[in-house]
**Student:** 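For reference, the structure I am asking about is given below.
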Amino acid sequence: MDSLPYAAFDADNHFYEPRDCFTRYIEPRYKDEAVHTRPRPDGGDEIWIGDEPFGFLRNRSFERVVKPGRLREMLRQSMYAKETADEQDFIEAIQPAYQDREERLLLMDHQGLEGIVIFPTVGVTVEQQLSKDAGRLYANLHSFNRWLEETWGFSYKDRIIAPPLISMLELDRAVEQLDWALERGARLISLRPGPFYGRHPADPYFDPFWSRVDEAGIGVAFHITESGYNEMMSVHYGENPNPSSHEQSALQWTCFYGDRPIMDTMAALVFGNLFGRYPNIRVLSVENGSLWAPYLMRSMDKMGGMGRNGPWIGGRIEEKPSAIFRRHVFIAPHHTGDDVEELIRLMGHTQVLFGSDFPHAEGMSAPIEFATRLDHLPGDQVRDIMRENTRRLVGLA
């Protein structure tokens, strides 16, 4: 697909960070605890957190990356081809548009995109390892968010929406970071899916945070990341507690990464009656796919009845869990493999978001080609998915 009759709004774009994105604004007392890089003998980089190597993304080039959308083909050729393909077929220098917002706007114009929600590549993955020390965690996230505001802007020209990263490890600091971001025009915030550090995410303890989100009317994005499930649970199956991203076992990919954290989080928000108490809150699931959503909706409707005599931390919900989910949750399905028709049938087209994961290797090379998956829909519904739903979520419609 070469074009649409309107400019689209992509809910899942990424940038590639420079080496100093965490260190540029780090508090001096946490300088030695910052996320930073160290050179490898082969000329590449290792990411470290203080004096610990960063486990989830062990090796990262800050000059060269796999071209957008080429990962599957590269892996397929490396597995089955008798001769390895020329590296230049798959690897490129990091393009200016991957790191500069003015260059990105030019690329967006070429791609037929009015706007994007843009997430980090490294930054969105570090909370789990940082969380062992609250001071270190918040110093690094605040440093990163200052860099993010300076470099990309939380809402640059209403076209590039970059959600700041917030952690719920400590309530007071989470509220402080939220207020700081709102004062600077944030239209979305980014939280890690998965455990809220020993508390239910809808526990009234967190009401000072959620009430601000509700009053501001901003969305909350839960982007796929390392949520700690490998360390918490996969070890009981004899698995590596801290595998690098693409070195996870098939069992870990299936059971402890992606689907499980986002399912647990969404179910907790629904059953905790967060949306009953704060009806303006809307949450986005980004890059978690949608395979999990139909199962979760059906399971919640069944098990909500089974648990009717149990505790209801935020008050008993008064309607079917799937109805609450359908009203407050927005999902960006993967561009391959997910049953978009089933998702639309269960959720309604207004809750489905177009996301390309550009320019990541596992994403799409031409974002608006996502619309080819929607050929069966009426034009107004395609427009909602490709443009209007995300625009509404970020307060532009």
**Student:** Check whether any side-chain heavy atom of Leu269 sits under 4.5 Å from a side-chain heavy atom of His328, and report yes or no.
**Tutor:**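 They are not in side-chain contact.
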
**Student:** Do you know which two heavy atoms are closest between Leu137 and Ser131, and how far apart they sit?
**Tutor:**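 Heavy atoms only, the tightest pair is CD2-CA, 4.3 Å.
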
**Student:** Going hydrophobic residue to hydrophobic residue with side-chain gaps under 4.5 angstrom, can you get from Phe358 over to Ile224?
**Tutor:**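 Shared cluster, no.
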
**Student:** Let me confirm one number: the CD-CG distance from Glu103 to Leu105, rounded to the nearest 0.5 Å.
**Tutor:**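 That separation rounds to 9.5 Å.
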
**Student:** Could you please spell out the steps behind the side chain to side chain donor-acceptor pair (under 3.5 Å) verdict for Asp158 and Ser155?
**Tutor:** CA-CA 5 Å; Asp158 287 342; Ser155 179; 3.2 Å; yes

**Student:** Would you confirm whether Asp301, through its side chain, and Ser322, through its main-chain N or O, come within 3.5 Å as a donor-acceptor pair?
**Tutor:**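 The answer is yes, because a donor-acceptor pair under 3.5 Å joins these two groups.
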
**Student:** Could you work out the complete set of other residues in the hydrophobic cluster of Trp48, with links drawn between I, L, V, M, F, W and Y side chains under 4.5 Å apart?
**Tutor:**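 Members besides Trp48: none; it forms no cluster.
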
**Student:** Which atoms form the tightest heavy-atom contact between Met168 and Ala174, and what is the distance?
**Tutor:**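 Minimum heavy-atom contact is SD-CB, 4.0 Å.
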
**Student:** Please check this pair: side chain of Arg70 against backbone of Ile91, looking for a donor-acceptor N/O pair closer than 3.5 Å.
**Tutor:**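 It does not hold such a pair.
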
**Student:** Determine the sole option in Val394, Ile189, Ile281, Leu188 for which the side chain to side chain contact (heavy atoms under 4.5 Å, CB included) test with Ile218 is passed.
**Tutor:**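 Single pass found, and it is Ile189.
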
**Student:** Is Val65 linked to Leu107 within one hydrophobic cluster, defined over Ile, Leu, Val, Met, Phe, Trp and Tyr using a side-chain heavy-atom separation of less than 4.5 Å?
**Tutor:**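 In one cluster: yes.
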
**Student:** Taking the six-membered ring for Trp, are His223 and His14 parallel (under 30°), tilted (30 to 60°) or perpendicular (over 60°)?
**Tutor:**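 Answer is perpendicular, since the angle exceeds 60°.
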
**Student:** Is any side-chain heavy atom of Phe56 closer than 4.5 Å to one of Ile47?
**Tutor:**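 Sidechains of Phe56 and Ile47: no contact.
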
**Student:** Would you check if the distance from the ring center of Phe54 to the ring center of His36 is below 6.0 Å?
**Tutor:**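 Ring-ring flag for Phe54/His36: false, centres at least 6.0 Å apart.
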
**Student:** Taking atom NZ of Lys31 as the centre, report whether more than 12 heavy atoms of other residues, nucleotides or ligands fall under 6.0 Å from it.
**Tutor:**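 Result for NZ/Lys31: open.
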
**Student:** Phe15, Leu106: one ILVMFWY side-chain cluster at the under-4.5 Å cut-off?
**Tutor:**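 In one cluster with Phe15: Leu106, no.
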
**Student:** Does Tyr205 have Arg199 sitting over its ring (NZ/CZ under 6.0 Å from centre, angle to axis within 45°)?
**Tutor:**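 That pair qualifies as a cation-pi contact.
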
**Student:** Could you walk me through whether Gln99 and Ile94 pass the side chain to side chain contact (heavy atoms under 4.5 Å, CB included) test, one step at a time?
**Tutor:** CA-CA 8 Å; Gln99 295 190 313; Ile94 290 182; 3.8 Å; yes

**Student:** Is Ser143 close to Thr23 at the side-chain level, that is, under 4.5 Å between some pair of heavy atoms?
**Tutor:**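 Result no, sub-4.5 Å side-chain heavy-atom pair not found.
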
**Student:** Taking the side chain as every heavy atom from C-beta outward, state whether Glu127 and Leu165 have any atom pair closer than 4.5 Å.
**Tutor:**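 With C-beta onward as the side chain, the pair stays apart.
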
**Student:** If hydrophobic clusters are built by linking Ile, Leu, Val, Met, Phe, Trp and Tyr wherever their side-chain heavy atoms come under 4.5 Å apart, do Ile166 and Val117 end up in the same one?
**Tutor:**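 Cluster IDs for Ile166 and Val117 differ.
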
**Student:** Check the angle between the aromatic planes of Trp292 and Phe325 and answer parallel, tilted or perpendicular using the 30° and 60° thresholds.
**Tutor:**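 It falls in the perpendicular class, over 60°.
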
**Student:** What I want to find out is whether Arg391 reaches Glu388 closely enough, with some N-O distance under 4.0 Å, to be called a salt bridge.
**Tutor:**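 Salt bridge: yes.
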
**Student:** For the residue pair Trp147 and Phe144, is the inter-centroid distance of their aromatic rings smaller than 6.0 Å?
**Tutor:**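 Between Phe144 and Trp147, which both carry aromatic rings, the centre distance is below 6.0 Å.
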
**Student:** Should Ile161 and Thr390 count as side-chain neighbours, where that means a heavy-atom distance under 4.5 Å?
**Tutor:**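 They are not in side-chain contact.
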
**Student:** Could you check whether Glu319 pairs with Arg327 (Lys NZ or Arg NE/NH1/NH2 to Asp/Glu carboxylate O, under 4.0 Å)?
**Tutor:**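 Yes, charged N to carboxylate O under 4.0 Å.
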
**Student:** Between His334 (side chain only) and Thr336 (backbone N and O only), is there a donor and an acceptor less than 3.5 Å apart?
**Tutor:**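 Between the backbone of Thr336 and the side chain of His334 there is no qualifying donor-acceptor contact (under 3.5 Å).
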
**Student:** Please tell me if the side chains of Phe22 and Ile49 come closer than 4.5 Å, counting only heavy atoms from C-beta onward.
**Tutor:**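 Counting from C-beta outward, Phe22 and Ile49 never come under 4.5 Å.
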
**Student:** CG of Asp20 to CD1 of Ile26: how many Å apart, nearest 0.5 Å?
**Tutor:**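 Answer for the CG-CD1 pair, Asp20 versus Ile26, is 12.0 Å.
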
**Student:** Give a yes or no answer on whether the side chain of Gln248 reaches the backbone of Ser245 with a donor-acceptor pair at less than 3.5 Å.
**Tutor:**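 Flag set: sc Gln248 to bb Ser245 pair under 3.5 Å.
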
**Student:** Report yes or no: is the cationic atom of Arg260 (NZ for Lys, CZ for Arg) closer than 6.0 Å to the six-membered ring centre of Tyr229, at no more than 45° off its axis?
**Tutor:**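 The answer is no; the distance or angle limit is not met.
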
**Student:** Less than 4.0 angstrom from a charged side-chain N to a carboxylate O is my criterion; do Arg298 and Glu342 meet it?
**Tutor:**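 Yes, this pair counts.
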
**Student:** Using modelled atom types only, decide if a donor and an acceptor are shared between the side chain of Gln129 and the backbone of Pro53 within a distance under 3.5 Å.
**Tutor:**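 Yes, Gln129 side chain to Pro53 backbone: donor-acceptor pair under 3.5 Å.
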
**Student:** Looking at every heavy atom in both Leu353 and Pro333, which two are closest together, and how far apart are they?
**Tutor:**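 For Leu353 and Pro333, the tightest heavy-atom pair comes out as O-CD, 3.3 Å.
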
**Student:** Take the angle between the ring planes of Tyr237 and Phe256 and call it parallel below 30°, perpendicular above 60°, tilted in between.
**Tutor:**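 Rings of Tyr237 and Phe256: tilted, as their planes differ by 30° to 60°.
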
**Student:** For Asp45, which of Arg38, Arg19, Arg40 qualifies under salt bridge (Lys or Arg N to Asp or Glu O under 4.0 Å)?
**Tutor:**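 Only match with Asp45 under salt bridge (Lys or Arg N to Asp or Glu O under 4.0 Å): Arg19.
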
**Student:** Using atom types as modelled and distance alone, determine if a side-chain donor or acceptor of Arg308 lies under 3.5 Å from a backbone N or O of Gly305.
**Tutor:**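 Yes; judged by distance alone, with no hydrogens or angles, the pair exists.
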
**Student:** Identify the two heavy atoms, one from Glu341 and one from His376, that lie closest to each other, and give their separation to 0.1 Å.
**Tutor:**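 Closest pair (atom of Glu341, atom of His376, distance): CG-NE2, 3.2 Å.
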
**Student:** Using 0.5 Å steps for rounding, measure from the CD1 atom of Ile368 to the CD atom of Gln111.
**Tutor:**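 Going from the CD1 atom of Ile368 to the CD atom of Gln111 covers 9.0 Å.
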
**Student:** Taking the side chain as C-beta and beyond, is there a heavy-atom pair between Asp214 and Pro279 under 4.5 Å?
**Tutor:**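 Touching, per the 4.5 Å side-chain cut-off.
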
**Student:** Check the orientation of Phe370 and Phe354. Use parallel for under 30°, tilted for 30 to 60°, and perpendicular for over 60°.
**Tutor:**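 Rings of Phe370 and Phe354: tilted, as their planes differ by 30° to 60°.
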
**Student:** Mind checking the CD-CG spacing from Glu149 to Asn145? Nearest 0.5 Å is all I need.
**Tutor:**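 If I round to the nearest 0.5 Å, the distance is 9.0 Å.
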
**Student:** Side chains of Phe222 and Ile262, heavy atoms from C-beta outward: is any pair under 4.5 Å?
**Tutor:**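 A side-chain contact under 4.5 Å exists here.
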
**Student:** Quickly, which of Leu343, Asp384, Leu374, Ile331 forms a side chain to side chain contact (heavy atoms under 4.5 Å, CB included) with Val352? Name it, please.
**Tutor:**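 When Leu343, Asp384, Leu374, Ile331 are each tested with Val352, the side chain to side chain contact (heavy atoms under 4.5 Å, CB included) holds only for Leu343.
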
**Student:** Run the side chain to side chain contact (heavy atoms under 4.5 Å, CB included) test on Phe275 and Ile317 for me, step by step, so that the C-alpha distance in whole Å, both residues' side-chain angles and the decisive distance to 0.1 Å come before the verdict.
**Tutor:** CA-CA 9 Å; Phe275 304 117; Ile317 61 176; over 6 Å; no

**Student:** Transitively linked via ILVMFWY side-chain contacts under 4.5 Å: Leu393 with Tyr6?
**Tutor:**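 Result: no, two separate clusters.
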
**Student:** Nearest heavy-atom pair of Gly258 and Pro261: which atoms, and what distance?
**Tutor:**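 The answer is O-CD, 3.2 Å.
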
**Student:** Can you tell me how far CD of Gln177 sits from CG of Leu141, rounded to the nearest 0.5 angstrom?
**Tutor:**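 Between atom CG of Leu141 and atom CD of Gln177 there are 7.0 Å.
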
**Student:** Using 0.5 Å steps for rounding, measure from the CG atom of Leu130 to the CD atom of Glu33.
**Tutor:**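 Rounded to the nearest 0.5 Å, the CG-CD separation comes to 9.5 Å.
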
**Student:** Do any N or O atoms from the side chain of Arg373 and from the backbone of Asp338 form a donor-acceptor pair under 3.5 angstrom?
**Tutor:**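 Judged by distance alone, yes, a pair lies under 3.5 Å.
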
**Student:** Do Glu92 and Tyr98 meet the criterion of a side-chain donor-acceptor pair at a distance under 3.5 Å?
**Tutor:**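 Judged by distance alone, the side chains do pair up.
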
**Student:** Treating Gln351 as the side-chain partner and Arg326 as the backbone partner, does any N or O pair qualify as donor plus acceptor under 3.5 Å?
**Tutor:**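 Confirmed, Gln351 side chain pairs with Arg326 backbone.
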
**Student:** Any sub-3.5 Å donor-acceptor pair from Tyr16's side-chain atoms to Ser61's backbone N or O?
**Tutor:**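 Not a single qualifying donor-acceptor pair exists.
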
**Student:** Do you know the tightest heavy-atom contact between Arg392 and Ala397?
**Tutor:**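 Minimum heavy-atom separation between Arg392 and Ala397: CG-CB, 3.7 Å.
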
**Student:** Run the side chain to side chain donor-acceptor pair (under 3.5 Å) test against Asp109 and tell me which residues pass, sequence neighbours left out.
**Tutor:**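 Listed in chain order: Arg159.
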
**Student:** Can you check whether Ala97's main-chain N or O pairs, donor with acceptor, with Arg104's side chain at less than 3.5 Å?
**Tutor:**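 Yes; judged by distance alone, with no hydrogens or angles, the pair exists.
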
